[in-house]
Amino acid sequence: MIEKNLKRLLEEIPQSVRLVAVTKTRLPEDVMEAYNYGHRVFGENKAQELIKKAPLLPDDIHWHFIGHLQTNKVKYLAPFVKMIESIDSLKLLKEVNKQARKYKRVIDCLLQFHIAKEQTKYGLSLEEADEILTSDVYSEMENVNIRGVMGMATFTDDENVVRNEFRDLSMIFKKLKDRYFSDKHDFNEISMGMSGDYKIAIEEGSTIVRIGTKIFGERE
Ligand SMILES: *Cc1c(COP(=O)(O)O)cnc(C)c1O
């Protein structure tokens with residue numbers, strides 16, 4: 001079933017959009033079914049779970065970390081994580097830079113924005129991102145590479161609400177690109193869209209979709 005779901009999704013989404021297969025709560029054997037089909041990009045939203053799961057799986061997997069990350073957990077992810085999509089403070093970015101340096105790595109990062117109505121979701125405002133990107137500390141960081149933005153829309157059936165939030169995130173991406181990254185060709189990622197809303201996200205300019213349920217089935 002996993003293979004079939006994955007195949008269908010990969011046929012459906014445009015070539016220009018990358019799929020992060022979200023494996024939270026899934027067993028290693030489920031992940032392996034997608035891996036054996038040829039998929040290599042996977043996402044987890046809890047540090048503890050990723051720390052336990054990654055060693056049980058092949059090491060050519062590109063792990064994207066997509067959940068709220070506490071600074072004290074960064075050291076465990078720094079040796080192997082491919083991208084941290086959920087940078088939501090300067091403090092976190094500093095810690096990622098520090099730990100990445102220890103392993104002589106440069107870790108790809110996305111700035112997470114709070115675009116939803118729900119208070120519970122994490123993420124920066126545009127003003128906070130401006131503060132980070134104009135700070136002296138940021139200008140000296142050599143072990144993080146900011147590749148773009150990430151956001152989660154409100155959990156609602158109202159398509160217009162979702163579409164407007166994705167549109168906001170695309171706008172934020174364009175503003176940051178103009179202000180800080182106009183010469184940086186690899187500042188080119190907008191991570192938005194999950195099982196319920198990825199079609200709208202793609203229409204609004206998503207380059208990375210993060211999908212779990214549609215591949216692996218409903219979570220317990
Ligand atoms: C769980 C999760 C997803 C995937 O959600 P599905 O609805 O299962 O596709 C995407 N992004 C984040 C940040 C998540 O935590």
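Throughout, numbering of the chain's residues begins at 1 and tracks the sequence. For ligands, and for the atoms within them, numbers begin at 1 and follow the listed sequence.
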Open item on the list: Checking Glu85 now: which residues fulfil salt bridge (Lys or Arg N to Asp or Glu O under 4.0 Å) with it, not counting sequence neighbours?
Closed with: none
Pairwise, report which nitrogen or oxygen atoms of ligand 1 are under 3.5 angstrom from protein nitrogen or oxygen atoms, and how far apart they are.
from: ligand 1; atom 1: 8 (O); to: Thr213; atom 2: N; distance (Å): 2.8
from: ligand 1; atom 1: 8 (O); to: Thr213; atom 2: OG1; distance (Å): 2.6
from: ligand 1; atom 1: 8 (O); to: Arg219; atom 2: NH1; distance (Å): 2.8
from: ligand 1; atom 1: 8 (O); to: Arg219; atom 2: NH2; distance (Å): 3.2
from: ligand 1; atom 1: 9 (O); to: Ser195; atom 2: N; distance (Å): 3.0
from: ligand 1; atom 1: 9 (O); to: Ser195; atom 2: OG; distance (Å): 2.5
from: ligand 1; atom 1: 9 (O); to: Gly212; atom 2: N; distance (Å): 2.8
from: ligand 1; atom 1: 11 (N); to: Arg210; atom 2: NE; distance (Å): 2.9
from: ligand 1; atom 1: 15 (O); to: Lys24; atom 2: NZ; distance (Å): 2.7

Do the charged groups of [X] and [Y] touch, with an N to O distance under 4.0 Å?
| X | Y | result |
| --- | --- | --- |
| Glu142 | Arg101 | no |
| Glu11 | Lys7 | yes |
| Lys75 | Glu95 | no |

Open item on the list: Just so I know, are the side chains of Tyr35 and Pro58 near enough to count as touching, which here means a heavy-atom distance under 4.5 Å?
Closed with: yes
Open item on the list: Would the distance check show the side chain of Thr23 and the main-chain N or O of Gly43 forming a donor-acceptor pair, the cut-off being under 3.5 Å?
Closed with: yes
